[in-house]
Amino acid sequence: MTAPYRALVVGAGRMGAGRDHAHPYDIYDHASAYRQLPDRVELVGFVDRVLGRAEWAAKKFGVAFAGDNLEAALRMCRPDVVSICTPPSDRTEIM
């Protein structure tokens, strides 16, 4: 069965994908939280202005899409849910 919602994470750093942050919890970042809900959410990709971070996160979470262009990601991944996990100063432009 396919999960009813497709999720895209924008920002593959600490809050988006747990990068460079050791934590004692299974659920700390957005991607890990989505992974705890496989019957409800399918994690479909990561977008980050630094492509290498998006690629790292995609590999860590086993998803096919990693990109540095949000518009392309929205077209290709067709998400139902978008988590914007960037510094506050970037969020207005992204939204």
With a 4.5 Å limit on heavy-atom distance, are the side chains of V82 and V10 in contact? yes
Separation between CD1 of I84 and NE2 of H30, rounded to the nearest 0.5 Å: 10.0 Å
Could you state the interatomic distance from CG (D29) to NZ (K60), rounded to the nearest 0.5 Å? 5.5 Å
Where P4 and R40 come nearest, the two heavy atoms and their spacing: CD-O, 3.4 Å
Donor-acceptor contact below 3.5 Å, side chain D48 vs main chain R53: no
Gap separating the CD atom of E55 from the CG atom of D68, nearest 0.5 angstrom: 8.5 Å
Which atom of P79 lies closest to which atom of A73, heavy atoms considered: CD-O, 4.4 Å
Is there a side-chain contact between M76 and F65 (heavy atoms, below 4.5 Å)? yes
Could you give all pairs that pass the ring-ring contact (aromatic ring centres under 6.0 Å, His included) test and reach residues 71-95, with sequence neighbours left out? none
So, for V44 and C77, which heavy atoms are closest and what is the spacing to 0.1 Å? CG2-CB, 3.8 Å
R6 side-chain N/O to V41 backbone N/O, donor-acceptor pair under 3.5 Å: no
Counting C-beta onward and ignoring hydrogens, is there a side-chain heavy-atom pair between L8 and S83 closer than 4.5 Å? no
Any idea which heavy atoms bring A17 and A31 closest together, and the distance? CA-CB, 4.4 Å
When every non-hydrogen atom of L43 is compared with those of V9, the smallest separation belongs to CD1-CG2, 3.8 Å
Do F46 and Y5 belong to the same hydrophobic cluster, where Ile, Leu, Val, Met, Phe, Trp and Tyr are linked whenever their side-chain heavy atoms lie under 4.5 Å apart, directly or via other members? yes
I'd like to know whether the aromatic ring centres of Y34 and F61 sit less than 6.0 Å apart in this structure. no
Looking at CG of D80 and CD of E42, how far apart are the two atoms once the value is rounded to the nearest 0.5 Å? 9.5 Å
